[in-house]
Novice: 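Here you go, one structure.
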2 protein chains.
Amino acid sequence: MLGISKSTVSRALSEHTDVNAETRQRVIEVARKLNYAPNTIALNLKQQRTNIIGVIIPETVNRFFAKAIGGIQRIANLAGYNVMICQSDESSTTEKNNLQSLIAAHVDGVIISVSSETDHTDHFDALLQRNIPVVFFDRISESLQTSQVVTDNYEIAFEGTEHLIAQGRNKIAIVAGPLNLYVSKHRFQGYADALKKHNLPLRDEYIIHSNFHNSDIEAYTKQLINLPERPDAVFAINDYAAIEMMYHFKKHGIRIPEDIAMLGFNNENICKFVEPPLSSIELSSYDLGTTAAELLLRQIKGSRELEKKLVKSKLVIRESTAGKKS
Amino acid sequence: MLGISKSTVSRALSEHTDVNAETRQRVIEVARKLNYAPNTIALNLKQQRTNIIGVIIPETVNRFFAKAIGGIQRIANLAGYNVMICQSDESSTTEKNNLQSLIAAHVDGVIISVSSETDHTDHFDALLQRNIPVVFFDRISESLQTSQVVTDNYEIAFEGTEHLIAQGRNKIAIVAGPLNLYVSKHRFQGYADALKKHNLPLRDEYIIHSNFHNSDIEAYTKQLINLPERPDAVFAINDYAAIEMMYHFKKHGIRIPEDIAMLGFNNENICKFVEPPLSSIELSSYDLGTTAAELLLRQIKGSRELEKKLVKSKLVIRESTAGKKS
DNA sequence: ACCGATCCCGGGAACGGTCTCTATAAAATA
DNA sequence: TATTTTATAGAGACCGTTCCCGGGATCGGT
């Protein structure tokens with residue numbers, strides 16, 4: 001339209017100096033009139049990057065991860081990045097497929113929280129081979145040398161267990177997750193070590209390995225109820241398991257917290273409104289998301305140092321872990 | 001490596017017929033040895049599409065939308081598409097920004113559920129102008145001529161209200177959402193019409209317009225408690241509001257369901273485990289997601305007809321709406 | 001022996017930008 | 001006045017594909 005070359009137009013629209021002020025003005029004007037916007041795909045091809053960061057999480061319906069996504073998106077959008085989210089559905093094979101998709105989409109970096117099924121990490125090598133920046137959060141892969149963001153699982157589980165002990169409980173059961181998961185393992189270790197410190201035995205019959213779908217909570221609850229020595233406290237690795245257990249306990253005439261104290265994990269909103277209100281552990285997964293995104297962006301910008309960040313969690317005490325009254 | 005042109009390589013690797021079977025074999029072999037994968041970005045530029053579908057929803061932490069995302073991703077991935085998710089955070093301006101991002105990213109289509117703040121729809125015109133396929137779901141925009149997927153909000157709210165009436169309730173309060181939202185409006189209308197059908201008055205003091213964050217439920221509950229004529233049932237537009245209300249009612253010595261029956265919306269897992277178990281309305285948001293994705297894919301494939309789909313919901317009766325005992 | 005059809009394959013444009021290199025005129029300097 | 005610098009703009013390569021078009025070789029038929 002202006003009879004000038006595309007090179008000049010390109011210069012005029014970018015911050016380049018090599019262009020006459022008047023021609024630049026004319027170009028800008030025409031561009032606005034035509035509602036011109038540069039083609040992102042062409043740019044991607046030229047610059048060899050997409051301004052997309054990929055995220056692989058187990059499930060969006062898990063509120064913990066939903067909040068983390070919020071944190072990631074906040075930081076990413078602020079920096080001009082889009083976010084592509086994949087769900088592994090707790091399956092190792094779809095996790096692998098997700099990875100392939102993201103690599104094929106040429107994302108500039110990936111944030112991952114591994115599925116509960118994943119016990120090997122070979123498929124993540126594809127990222128390292130291609131030099132794609134990657135950050136693991138929460139459910140990390142310990143065998144891989146990458147940046148990572150975790151919560152103080154061990155310490156907070158230790159603290160939670162000690163809290164139960166301080167309330168006069170000495171038969172403390174735990175609903176743990178699958179032990180191949182980093183978080184489950186460390187939480188369990190915190191629980192075990194707290195018992196040890198207070199000279200309490202670690203009893204097999206008090207240890208329940210549930211999956212994350214809480215599909216068998218009712219059966220597990222009955223197991224506990226029928227034990228010759230019934231526990232006087234349960235530390236559940238997530239709130240929904242705790243709440244469902246509480247429901248079944250109450251159905252059997254077992255009082256909370258008088259007979260059994262309950263402690264959850266995640267501090268969902270609902271904790272405040274169940275009967276009795278559920279003590280729980282507040283994990284700020286939103287912050288987990290933001291720091292993971294920050295680490296990743298730093299790597300994308302060129303930093304090659306591996307960083308490990310810790311996000312502190314907090315014990316929130318409510319009535320479900322009140323002192324023992326006999 | 002094989003001394004042949006890139007054209008031939010391209011033909012060999014695609015389903016083209018114009019290539020010797022033997023050379024094709026050699027090409028495929030070398031390709032595998034080199035771990036070759038076509039550059040998606042270059043392909044995007046050439047084909048003028050990205051195989052990405054964009055999604056704009058209010059919040060991922062809202063379980064309803066988290067499930068819908070699951071449905072969308074399932075269908076999309078099956079068809080070879082990636083999904084780019086944006087959250088509007090219930091804000092009309094970030095919704096607009098999300099739209100800009102998705103357009104800039106050249107997504108092949110968009111699935112939208114509008115924010116509760118959105119009362120005008122001009123910013124969606126950008127999609128129609130560019131001929132980008134779009135499907136609205138659940139929270140649709142009535143003024144825009146597009147494909148859409150909704151639930152039978154009116155009918156199910158009518159049915160729920162009649163259920164309460166059948167249980168002997170005649171002072172039924174409602175916790176409604178913002179009325180500029182399609183879903184809230186229709187649910188409210190169903191409630192109102194059911195009352196009318198049974199010759200019950202529609203009382204202003206029984207109508208609560210909460211936002212979706214349930215930030216003021218405690219205050220609203222007290223309002224209801226202090227009314228000269230206290231309601232004997234509450235129909236809450238989401239389960240969390242219902243559960244929190246139940247908690248406050250019980251704190252005031254009000255029995256559920258004897259004094260006040262409670263009916264929720266969404267049928268969250270937690271409904272089964274609160275005291276008493278909460279009757280609710282099951283919206284299969286996963287199906288909402290899958291059908292929305294199917295409609296969109298059909299449009300991307302070239303279909304120009306606007307389709308409107310309905311996904312049926314279901315009343316799930318539990319103890320919180322048991323019959324009135326005086 | 002000639003010709004048309006068929007089979008393969010290579011050349012090169014195109015997608016929409018950026019960027020390097022070069023060209024030209026004007027201005028500044030020797 | 002001759003020469004160098006400066007300001008501005010254009011030409012064209014490049015990113016990695018697809019695909020259209022044309023051309024050479026082989027083959028079969030007359």
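Proteins come first, then strands; the chains are lettered A, B, ... in the order of their sequence lines, and each starts at number 1. Remember, it's a predicted structure, so these values are computed and weren't measured experimentally.
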Novice: Going by atom types alone, do A/Glu90 and A/Ser116 pair a side-chain donor with an acceptor below 3.5 Å?
Specialist: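 Yes - a donor-acceptor pair under 3.5 Å links their side chains.
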Novice: Are any of B/Thr8's side-chain N or O atoms less than 4.0 Å away from OP1 or OP2 of C/dG10?
Specialist: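 Looking at the OP1 and OP2 atoms of C/dG10, one of them is under 4.0 Å from a side-chain N or O of B/Thr8.
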Novice: Taking atom C1' of D/dC15 as reference, at what distance in whole Å does atom CG of A/Asn44 sit?
Specialist: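 A/Asn44 atom CG is separated from D/dC15 atom C1' by 11 Å.
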Novice: With a 4.0 Å cut-off on heavy atoms, is A/Asn39 in touch with a base, just the backbone sugar-phosphate, or nothing at all?
Specialist: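 Here A/Asn39 touches the backbone only, sparing every base.
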Novice: Under 4.0 Å between a Lys/Arg side-chain N and an Asp/Glu carboxylate O for A/Glu29 and A/Lys33?
Specialist: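 Salt bridge between A/Glu29 and A/Lys33, a charged N being under 4.0 Å from a carboxylate O: no.
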Novice: So what does B/Ala21 touch, heavy atoms closer than 4.0 Å: a base, only the sugar-phosphate, or nothing?
Specialist: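 Counting heavy atoms under 4.0 Å across all strands, no contact is made by B/Ala21.
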Novice: What nucleic acid atoms does B/Ile41 come within less than 4.0 Å of, heavy atoms only: base, sugar-phosphate, or nothing?
Specialist: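 No contact.
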Novice: May I ask you to say what A/Thr23 touches in the nucleic acid, namely base, sugar-phosphate or nothing, with a heavy-atom cut-off under 4.0 Å?
Specialist: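 Sugar-phosphate: the residue A/Thr23, judged by heavy atoms under 4.0 Å, touches backbone atoms but no base.
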Novice: Using a cut-off of strictly less than 4.0 Å, decide whether A/Ser10 has a side-chain nitrogen or oxygen near OP1 or OP2 of C/dT18.
Specialist: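 Answer is yes, contact under 4.0 Å.
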Novice: Look at B/Gln48 and C/dG16 and indicate whether a side-chain polar atom (N or O) is within less than 4.0 Å of OP1 or OP2.
Specialist: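 Affirmative; the distance criterion is met.
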Novice: Measure from the side chain of B/Asp18, starting at C-beta and using heavy atoms only, and say which of C/dC8, C/dG17, C/dC21 lies closest.
Specialist: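 Nearest nucleotide to the side chain: C/dC8.
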Novice: Hey, are A/Lys309 and A/Glu294 close enough for a salt bridge, meaning a charged N less than 4.0 Å from a carboxylate O?
Specialist: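 No.
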Novice: Does B/Tyr36 put a side-chain nitrogen or oxygen below 4.0 Å from OP1 or OP2 of D/dG16?
Specialist: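 No, B/Tyr36 has no side-chain N/O under 4.0 Å of OP1/OP2 on D/dG16.
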Novice: Here's a test for you: under side chain to side chain contact (heavy atoms under 4.5 Å, CB included), which of B/Val114, B/Thr151, B/Ile112, B/Val150 qualifies with B/Asp138?
Specialist: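 Only match with B/Asp138 under side chain to side chain contact (heavy atoms under 4.5 Å, CB included): B/Thr151.
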Novice: Could you check B/Lys6 against A/Asn20 and say which one's nearest nucleotide on DNA chain D is further toward the 5' end?
Specialist: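 Taking each residue's closest nucleotide, the earlier one in sequence belongs to A/Asn20.
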